[in-house]
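Within every chain, numbering begins at 1; the chains are lettered A, B, ... in the order of the sequence lines, protein sequences first and strands thereafter. What's counted below: heavy atoms across the whole structure, side chains too, no hydrogens, waters or symmetry copies.
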4 protein chains.
Amino acid sequence: MPKSSPPPPPRKPRADARRNRERILEVAKEVFTRSGADSSLDEIAKLAGIGPGTLYRHFPSRESLLEGVYCGEVEKLAAAERRFSDTLTPVEALRAWMLLFVDYIGAKQIIAPALNTMVGGSKVFECARDQVQGAIHRLVARAIESGDIRADLDPFDLLRALIGVANVASAPNWRDSARRLVHILIAGSRPGA
Amino acid sequence: MPKSSPPPPPRKPRADARRNRERILEVAKEVFTRSGADSSLDEIAKLAGIGPGTLYRHFPSRESLLEGVYCGEVEKLAAAERRFSDTLTPVEALRAWMLLFVDYIGAKQIIAPALNTMVGGSKVFECARDQVQGAIHRLVARAIESGDIRADLDPFDLLRALIGVANVASAPNWRDSARRLVHILIAGSRPGA
Amino acid sequence: MPKSSPPPPPRKPRADARRNRERILEVAKEVFTRSGADSSLDEIAKLAGIGPGTLYRHFPSRESLLEGVYCGEVEKLAAAERRFSDTLTPVEALRAWMLLFVDYIGAKQIIAPALNTMVGGSKVFECARDQVQGAIHRLVARAIESGDIRADLDPFDLLRALIGVANVASAPNWRDSARRLVHILIAGSRPGA
Amino acid sequence: MPKSSPPPPPRKPRADARRNRERILEVAKEVFTRSGADSSLDEIAKLAGIGPGTLYRHFPSRESLLEGVYCGEVEKLAAAERRFSDTLTPVEALRAWMLLFVDYIGAKQIIAPALNTMVGGSKVFECARDQVQGAIHRLVARAIESGDIRADLDPFDLLRALIGVANVASAPNWRDSARRLVHILIAGSRPGA
DNA sequence: CATGAATGAGCCTTCATTCAT
DNA sequence: GATGAATGAAGGCTCATTCAT
């Protein structure tokens with residue numbers, strides 16, 4: 001088949017760049033999960049099949065890479081918030097989301113620095129922080145409106161407690177402990193309590 | 001009993017060794033608090049005015065130094081447990097101890113690895129872990145006996161939540177949040193909740 | 001086939017890398033000879049005008065550097081074997097090669113670990129070992145065929161003796177001693193002896 | 001109980017010192033054999049149950065310790081020389097001593113630096129060097145007188161070859177190789193050869 | 001004399017970062 | 001844009017040596 005029109009300038013490098021970015025994030029999540037937030041960036045680059053310079057171009061700092069990795073991860077938590085809010089009573093939506101948070105964070109072994117900044121004012125992890133903070137904020141607000149939760153409850157208090165569990169997710173029976181904690185927290189947040 | 005004999009000449013090298021050890025712990029706590037558990041051991045040695053070999057002689061590994069630093073710190077928590085148990089009702093003793101924990105940990109900025117092992121089975125920080133675990137265990141047991149706390153409450157659940165707060169003690173208003181969390185946790189742990 | 005296209009521009013960094021490698025080997029041979037196989041790698045890097053990381057990139061272990069240094073050296077011995085085999089009677093070829101070995105090793109001050117592995121089964125210095133072992137093996141085989149050397153002579157026996165001399169090449173009159181030894185070894189290896 | 005007579009100055013330290021010296025030599029030989037001539041002196045001191053300062057007093061340098069260790073070892077070689085000279089023909093005494101040397105050195109794994117200085121002019125290992133050099137010197141002299149060995153044979157040549165074998169005593173079949181080498185060397189040293 | 005705590009130079013190695021190609 | 005060689009500061013750690021007791 002003859003091509004009559006001049007070929008468009010190849011967009012390939014752009015595609016390569018995007019593909020590289022994805023691959024970096026993929027590998028970085030794996031390595032961070034396995035070896036902690038202090039993992040060697042060179043190792044990540046090597047596993048991603050790129051040179052250190054390329055990694056550097058995409059993520060000029062370790063923190064920007066951490067942010068890149070975990071920002072996408074928490075999107076699912078944000079989505080779940082909307083879903084639960086649509087289908088459950090306010091307090092049960094809150095409970096379901098907290099249980100999901102525990103499961104999700106624990107399973108993904110999201111690392112401590114990323115977690116801690118979720119309740120901090122740090123500029124890094126801005127995206128992850130905003131999503132998580134927004135979700136619990138809305139869930140709590142709704143539960144307060146419905147009268148199931150004390151009006152003076154600060155959503156961050158719950159978040160901090162959740163993060164505490166996540167930080168020790170490696171302990172043997174952390175998951176059951178975490179689930180019990182969610183119920184305790186909600187029970188302790190009811191108006192009468 | 002009066003001592004007639006002249007006091008033995010003070011053994012200086014032994015004194016030096018002890019002084020060095022104290023100085024190391026002092027400096028190490030400060031540096032760990034400022035720069036985290038990955039701080040340079042050489043820097044600690046330099047600040048303590050000793051060579052790296054001397055640091056190494058006293059604490060052959062980073063973990064042994066961490067343990068040395070924080071083991072003594074938690075002794076005061078253990079002591080407080082006994083005091084509170086003697087003077088307060090069970091549930092108030094528990095509450096008081098949890099509040100103290102929050103204050104103490106937050107003020108001292110005890111670092112995450114030391115905290116996390118408090119609920120883990122790790123061999124390091126054995127001393128700190130045992131003291132803290134023992135304290136909350138006894139406090140909860142008493143409160144359960146008195147009927148103020150649900151019989152199926154696992155003390156570790158509370159500990160995990162407390163640690164979560166401690167891990168983010170750098171956030172601006174963490175202290176108030178932490179105190180509120182203590183009340184929530186206790187309220188959620190009452191039999192009726 | 002003529003190439004009409006212009007030659008590709010020379011890739012400079014590759015040239016730098018090669019130059020560095022050569023310079024490292026050069027310096028390393030000198031330092032190893034002067035200060036033994038335990039010389040400081042940092043010193044070698046410094047003398048080569050590179051950082052320690054660069055040395056590490058080229059030779060990730062001390063042994064790989066030793067191998068790099070001495071592998072090239074013994075190539076000349078292998079070449080001499082071929083030359084002597086073509087121009088001399090078998091036994092004189094063997095004698096000539098042994099004398100050259102003595103001269104060469106002694107002059108180059110090839111260090112003990114490199115020498116010793118020539119008769120060992122070690123994986124390091126594989127290249128040097130194979131070349132030297134192959135050479136003496138072939139020379140002895142030819143001399144046996146010609147009837148000038150006892151059929152049951154193990155070439156390694158000669159090699160070990162040669163190495164013994166090389167190991168003490170720093171002694172004042174080692175060279176004459178070594179040459180006499182070669183004649184003794186050959187005389188002792190004749191069929192009648 | 002009052003002491004009327006002045007207590008005699010305790011001679012104990014002198015005995016302790018001698019005992020320490022023996023213990024050091026014992027341990028040092030073991031460690032040098034196991035871990036080479038670069039073994040940690042501190043380790044030797046620790047295994048000997050003494051402080052590093054005490055080791056330092058007895059042997060102010062690594063070389064003096066090596067000398068102390070191996071000087072005693074070669075005494076048995078010197079004794080064997082006298083025995084063989086009394087009971088064997090000159091050439092067989094020489095052969096027997098060379099075979100013993102090979103066995104002894106190999107079994108004891110006397111380390112390279114100690115060996116090499118046996119034929120060097122070094123001041124260290126003076127004692128070991130003198131004993132070994134004296135022994136082979138006398139054995140060769142007798143064999144020359146008896147007409148079994150060429151008059152122009154330099155005993156050091158034989159020694160160098162023997163040392164070569166010893167230096168590779170770790171190779172799998174070094175012992176047989178070494179024994180064959182002894183026979184070759186003697187055969188090559190006969191007048192007719 | 002023995003002790004062993006202290007010293008501190010120096011070793012090997014890692015790694016974020018730069019930059020020539 | 002991608003590459004990966006080079007860099008060099010810094011880290012942990014070892015160890016011969018000194019010296020107060």
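- Across all strands shown, the partner of F:dC19 is E:dG4, judged by Watson-Crick or G-U wobble contacts whose two distances both fall under 3.5 Å.
- The two residues B:Gly51 and B:Ala45 come nearest to each other via the heavy atoms O-CB, 4.0 Å.
- Both C:Gly53 and B:Gly49 lie near DNA chain E, and the one whose nearest nucleotide falls closer to the 5' end is B:Gly49.
- Between the CD atom of B:Glu43 and the P atom of E:dG8 there is a distance of 18 Å, given to the nearest Å.
- Nucleotide E:dA6 holds its P atom 7 Å from the CG atom of B:Asp16, rounded to whole Å.
- Residue A:Ser40 places no side-chain N or O under 4.0 Å from the OP1 or OP2 atom of E:dT14.
- Heavy atoms of A:Thr54 sit under 4.0 angstrom from at least one base atom.
- Using a 4.0 Å heavy-atom distance criterion, A:Ser39 is classed as a sugar-phosphate-only contact.
- With rounding to whole Å, A:Ile24 atom CD1 is found 13 Å from F:dG1 atom P.
- For A:Gly68 against A:Phe59, the heavy-atom pair with the smallest separation is CA-CE2, 4.3 Å.
- F:dA6 atom C1' lies 14 Å from atom CZ of C:Arg19, rounded to whole Å.
- The residue among A:Asp42 and D:Asp42 whose nearest nucleotide of DNA chain F is located toward the 5' end is A:Asp42.
- Rounded to whole Å, the distance from NZ on B:Lys46 to C1' on E:dA6 is 17 Å.
- The main-chain N or O of C:Phe32 is never found under 3.5 Å from a side-chain atom of C:Ser35 such that the two would form a donor-acceptor pair.
- In this entry the distance linking CZ of B:Phe59 with C1' of F:dG12 reads 17 Å, nearest Å.
- Taking both residues in full, the closest heavy atoms of C:Leu65 and C:Ile24 are given as CD1-CG2, 3.9 Å, listed atom of the first, atom of the second, then distance.
- Between the CD1 atom of A:Ile44 and the P atom of E:dA16 there is a distance of 8 Å, given to the nearest Å.
- Look at CG on C:Asp38: it is 14 Å from C1' on E:dG10, rounded to the nearest Å.
- Between A:His58 and F:dG1 there is no side-chain N or O to OP1 or OP2 distance below 4.0 Å.
- Judged by distance alone, the side chain of D:Arg62 and the main-chain N or O of D:Ala37 form a donor-acceptor pair under 3.5 Å.
- The nucleotide E:dC11 finds its pairing partner in F:dG12, both defining distances of the Watson-Crick or G-U wobble pair being shorter than 3.5 Å.
- Side-chain nitrogen and oxygen atoms of D:Tyr56 include at least one within less than 4.0 Å of the OP1 or OP2 phosphate oxygen of F:dT18.
- The side chain of A:Arg57 approaches F:dG1 more closely than any other nucleotide in the set F:dA16, F:dG1, E:dT17.
- Closest to the C:Arg62 side chain, of the nucleotides E:dT7, F:dA16, E:dC11, is E:dC11.
- Here B:Asn20 reaches the OP1 or OP2 of E:dA6: one of its side-chain N or O atoms lies under 4.0 Å away.
- The two residues D:Cys71 and D:Ala128 make their nearest non-hydrogen contact at SG-N, 3.9 Å.
- For D:Leu41, the listed nucleotide lying nearest its side chain is F:dA16; candidates were E:dA2, F:dA16, E:dT7.
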